[in-house]
Asks: 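One structure, as structure tokens, below. Some questions next.
In what follows, chains carry the letters A, B, and so on, assigned in the order in which the sequence lines appear, proteins first and then strands, with residues in each chain numbered from 1.
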Amino acid sequence: MSSHNLKYDFNAIEKKWQQRWQDDKIFQVEVDRKQPKFYLLEMFPYPSGRIHMGHVRNYSIGDVIARHKRMKGFNVMHPIGWDAFGLPAENAAIKNNSHPARWTYENIDYMKSQLRKMGFSYDWKREMATCDPEYYRWEQLFFVQLYKKGLVYQKVTTVNWCESCGTVLANEQVIDGCCWRCDQQIIPREMNGWFFKITDYAEELLNQCDSLVGWPDKVLTMQRNWIGKSVGAEVDFPIKGGDETLKIFTTRPDTIFGATFMSIAPEHPQVLKLAGVSGREKEVSEFVERTRLARQQQNSEDEPEKEGVFTGGYAINPYTGDELPIYAANFVLMEYGTGAVMAVPAHDQRDFEFARKYNIPVKVVIQPKGEELDSAGMTEAHEGPGILVNSADFNGMNSQEAKKAITEHGNAGGFAQSRTTYRLRDWGISRQRYWGAPIPMIHCPECGVQPVNEEDLPVRLPTDVSFAESGKSPLCDLESFYKTTCPKCGGEAHRETDTMDTFVESSWYYARYCCPGDTREALQKEAVDYWLPVDQYIGGVEHAILHLLYARFFAKILRDLGYLTIDEPFTNLLTQGMVIKDGTKMSKSKGNVVDPDDLVRQYGADTVRLFSLFAAPPERDLEWSDKGVEGAHRFLNRIYRFVMENREILLETRGKAAGSLAGADRDLHRKTHQSIRKVSRDFESLHFNTAISAIMELMNSLSAAAGESSKTNIASTVMKEAVEAIIQLLSPMAPHFCEELWEIIGHKSQLSRSQWPVFDQEAAREDEITLVVQVNGKLRSRMTVALGENEETLKKMALADQNVGKFIADKDIRKIIVVKNKLINIVV
RNA sequence: GCCUGGAUGGUGGAACUGGUAGACACCUGGGACUUAAAAUCCCAUGGGCCUUGCGCCCGUGCGAGUUCGAUUCUCGCUCCAGGCACCA
């Protein structure tokens, strides 16, 4: 066979090395205080059935980092597991008349085999699935402990209900008014449910965003916005004709003298009472009912017109004594602040629109610089800063000072105080579905709600269940499950049948990986103290708020329960872009899905890994290209052919490329060391695409220098050095392939255990450079000169240049700028 | 509306702290090898101009500015993607 047709046998090679790595257990790690640790984690997969290209990309990026860090001498923990609870399993079970556990574990088996075929360097001994009672028992323990600390509570409230999933969702799980999973419109519903008190940690979650310097700004911004802190004041407005007061929250106490009415949420408990006193029940309750219905049907896209109804009641502005009519208004939210606001139409756009609609007076109290606002002629509110007017003692102050002064004044008078609110709500974790971790609580008719005794955990999810078409959780009707005894009085009691949001499992799995097999403790102190925090975390940006916020919250509560000593779980975060095809996200309905199995069969795992790293930088979307994959495969074959053609020389050659090299030898030697430098730097900044192109350049230089035939034109030591550099530098991306070549050229020990190459400063140095000559900033000529050539000589050479001469011929030379080793610019 | 990013050849993408725009690859065209094809290798490949040169002009979304010099910095726009959105 002609050597041009020579191709590497990726099937055999990949199988061989996967087996060898497994036998030698080289990716299994233990706590070792003598070695620096590196904890690399990718977001674990949901076992949906098959690996998709997004996984391939995510895990390829992670594996490159893991393998590189290992070669750099770190004790690298790189675990994998399964986010195994969730609705698709249950839906599939209903459809196929099967069981979610069976569906889940079958999927895990298959996907595991797919991951193994990709050659990822996982410590498989740490594999775990969150649906395993040995996993969720600890979660139930945390739940009980948090309950005892008051960080878990139950309340009846308006929740987000997804009809198609048959369950409640947390606020974070509602995207544009629709379910994050199935995209159906959610509807508000009154329900009882369990909540984690994440709002207790709002301030810390916000503050520590500043410490997350290894996170993308985009994600931090999203988290900060989600938490939504606002600083302001709470003010009590007495209600006319009674002892009651109406409490409002405002961020603009400086505008309080401009309040001309009050607006309160339709659901506000005082609405109907006020209407009752004034005899306006009919109008008001009609309005409340109408708004409620409108909200249920409301399409999240369009904002309904501002509407309200006068309740008949008046509130008294404690600063002015003014009587302000109280309106129930459709744009006031019960869930935020106190559910009631003072309305200052001159300085709030919503209040302005409302006031114009209902002919309520507008009173200017803030004058912006260089303008004269006139309440009658205003067409929109002035929300910016300015100087106070019509505000009694506070006139003349700027709005910033006035906020403080007015709050203090109210504080002294006993009717106002500083207050900070957050947009973040408590995390509702009750799910009305079966396939999740049971909430370890018991409802006793005598003693009320009681936690399950810690020694009785886990509360196992029963397996002897049958599913209804409706999707209603079988736990509700399973007597053997819900019928229990009260842990306090021993009487007959009812077990909680809701399960936990599956985001709870993924909120702490990174910690459990440190000691996955421990049956006595949730988190082994020695292990978590050594391994945590995760040094590099990688996953899709779609979890910027959801999972990443919950995981941060769990780090803090586990710290406060005494399990962890870290504040933040992930030191560095990489959010990789999507894999797209033909400009859109891959999806079955669009028919543009690329199946990793097919690709691995056709080209081998190394090629697939290589292409997915080469085609785009990690954080950007990656446009899949079948032709591009072929290009990556060709590249590997070129290396293979080169090594095979020069095998004898490579095997025989001993000793280092060094000493006085000249000509092509010197050039290739230099290129090799420059490539090591470039690739090493690119690895530190996670620019794998440019690292690969640098290796391609080195390969191009090598084949050009070696010449067409194998009768090499270059020193064998220099050639071998270049070949070894290529193999080592490429090995994190194409590990099986490189291991094989490493062995072929005579190495006895595994490449995976070798040391990352170090570049030689001296070898990488250029002795000649191309100096650019510009005239007025335009490129006119190039000169090849010795590195560090004297400036005067360079100027003379530049001026003597023929082409340059054409442009400076009859002009005065004003200035000559010399940038060392780069360029000369002649200004005429 | 607000907050993030982004816009570079036919395509994916390079360009370190302002200093040769288009690295590396894909596509395409041409050539070598071959009876032929595949594979492989070589050459060309941003647009335009002519006087065909080691040439000139234009060119990094648009318009200004700073600078000897701007893909890079500043200001003002346009478009695209993502996030938030009656949050008082």
Asks: Among B/rC56, B/rA39, B/rA25, which is the nearest nucleotide to the side chain of A/Arg638?
Replies: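 For the A/Arg638 side chain, the nearest candidate turns out to be B/rA25.
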Asks: So, A/Trp427 versus A/Phe503, ring centres under 6.0 angstrom or not?
Replies: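 Judged by ring-centre distance (under 6.0 Å), A/Trp427 and A/Phe503 do not meet the cut-off.
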Asks: In whole angstrom, give me the gap between the C1' atoms of B/rU4 and B/rU60.
Replies: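 One C1' to the other, the span is 23 Å.
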Asks: Please give the distance between the P atoms of B/rA64 and B/rG69 as a whole number of Å.
Replies: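 Straight-line distance between the two P atoms is 16 Å.
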Asks: Hey, is CG on A/Asp210 packed in by over 12 heavy atoms from elsewhere, all under 6.0 Å?
Replies: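 Yes, CG of A/Asp210 has more than 12 neighbouring heavy atoms, counting only those of other groups under 6.0 Å.
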Asks: Using atom C1' in both nucleotides, what's the gap between B/rC27 and B/rA44 to the nearest angstrom?
Replies: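 Looking at atom C1' only, B/rC27 and B/rA44 are 14 Å apart.
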Asks: Is it true that A/Glu305 and A/Lys357 make a salt bridge, defined as a side-chain N closer than 4.0 Å to a carboxylate O?
Replies: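 Salt bridge between A/Glu305 and A/Lys357, a charged N being under 4.0 Å from a carboxylate O: yes.
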Asks: Could you tell me which nucleotide pairs with B/rU74 by Watson-Crick or G-U wobble geometry, both distances under 3.5 Å, or answer none if nothing does?
Replies: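 With both distances under 3.5 Å, B/rU74 matches B/rA64.
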Asks: Among B/rA88, B/rC3, B/rG13, which nucleotide has an atom closest to any side-chain atom of A/Asn225?
Replies: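 The nucleotide sitting nearest to the side chain is B/rC3.
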Asks: How about A/Phe614 and A/Phe635: are their ring centroids closer than 6.0 Å?
Replies: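 Judged by ring-centre distance (under 6.0 Å), A/Phe614 and A/Phe635 do not meet the cut-off.
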Asks: Could you measure between the two P atoms, the one in B/rG22 and the one in B/rU45, and give it in whole Å?
Replies: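 My reading of the P atoms in B/rG22 and B/rU45 gives 12 Å.
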Asks: A/Ala615 side chain: which of B/rC87, B/rG12, B/rG55 is closest?
Replies: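 Given the options B/rC87, B/rG12, B/rG55, the side chain of A/Ala615 is closest to B/rG12.
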Asks: Report the residue (A/Ser693 or A/Val819) whose heavy-atom-nearest nucleotide on RNA chain B is the more 5′ of the two.
Replies: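 Result: A/Val819.
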Asks: Remember a base hit wins even if backbone is also touched, and classify A/Val341 as base, sugar-phosphate or nothing at under 4.0 Å, heavy atoms.
Replies: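 Base, at least one base heavy atom under 4.0 Å.
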Asks: So, under a plain 3.5 Å distance rule, would you say the side chain of A/Asn825 forms a donor-acceptor pair with the base of B/rC68?
Replies: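 By the distance-only test, yes, there is a pair.
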Asks: Angle between ring planes, A/Tyr8 versus A/His633, binned at 30° and 60°: parallel, tilted or perpendicular?
Replies: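 A/Tyr8 and A/His633: tilted rings.
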Asks: Tell me whether B/rG9 sits syn or anti, counting syn as a glycosidic angle within 90° of 0.
Replies: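 Base orientation relative to the sugar is syn.
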Asks: Regarding A/Arg780, tell me which of base, sugar-phosphate or nothing describes its non-hydrogen contacts under 4.0 Å with the strands shown.
Replies: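 Touches sugar-phosphate only.
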Asks: For a quick check of understanding: with a heavy-atom distance under 4.0 Å over all strands, which category does A/Lys306 fall into, base, sugar-phosphate or nothing?
Replies: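 Base: the residue A/Lys306, judged by heavy atoms under 4.0 Å, touches a nucleobase.
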Asks: Among the candidates B/rA88, B/rC58, B/rG12, find the nucleotide nearest to the side-chain atoms of A/Glu623.
Replies: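 The closest nucleotide is B/rG12.
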Asks: Which part of the nucleic acid, if any, lies within contact of A/Phe614, taking any heavy atom under 4.0 Å across all strands shown: a base, the sugar-phosphate backbone alone, or nothing?
Replies: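 If one applies the 4.0 Å heavy-atom cut-off, A/Phe614 turns out to touch a base.
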Asks: Give the nucleotide from the list B/rG19, B/rC68, B/rA88 with an atom nearest to the side chain of A/Lys815.
Replies: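 That would be B/rC68.
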Asks: 5'-most contact on RNA chain B: A/Leu779 or A/Arg681, nearest heavy atom basis?
Replies: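 Looking at RNA chain B, the more 5' nearest nucleotide goes with A/Arg681.
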Asks: Please tell me which of the listed nucleotides, B/rU4, B/rA25, B/rA15, lies nearest to the side chain of A/Thr690?
Replies: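 Among the listed nucleotides, the one closest to the side chain of A/Thr690 is B/rA15.
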Asks: Between B/rC27, B/rU20, B/rA88, which one does the side chain of A/Lys627 approach most closely?
Replies: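 That would be B/rC27.
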Asks: Which nucleotide sits closest to the side chain of A/Arg423: B/rC24, B/rG19, B/rC87?
Replies: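 Among B/rC24, B/rG19, B/rC87, the one nearest the side chain of A/Arg423 is B/rC87.
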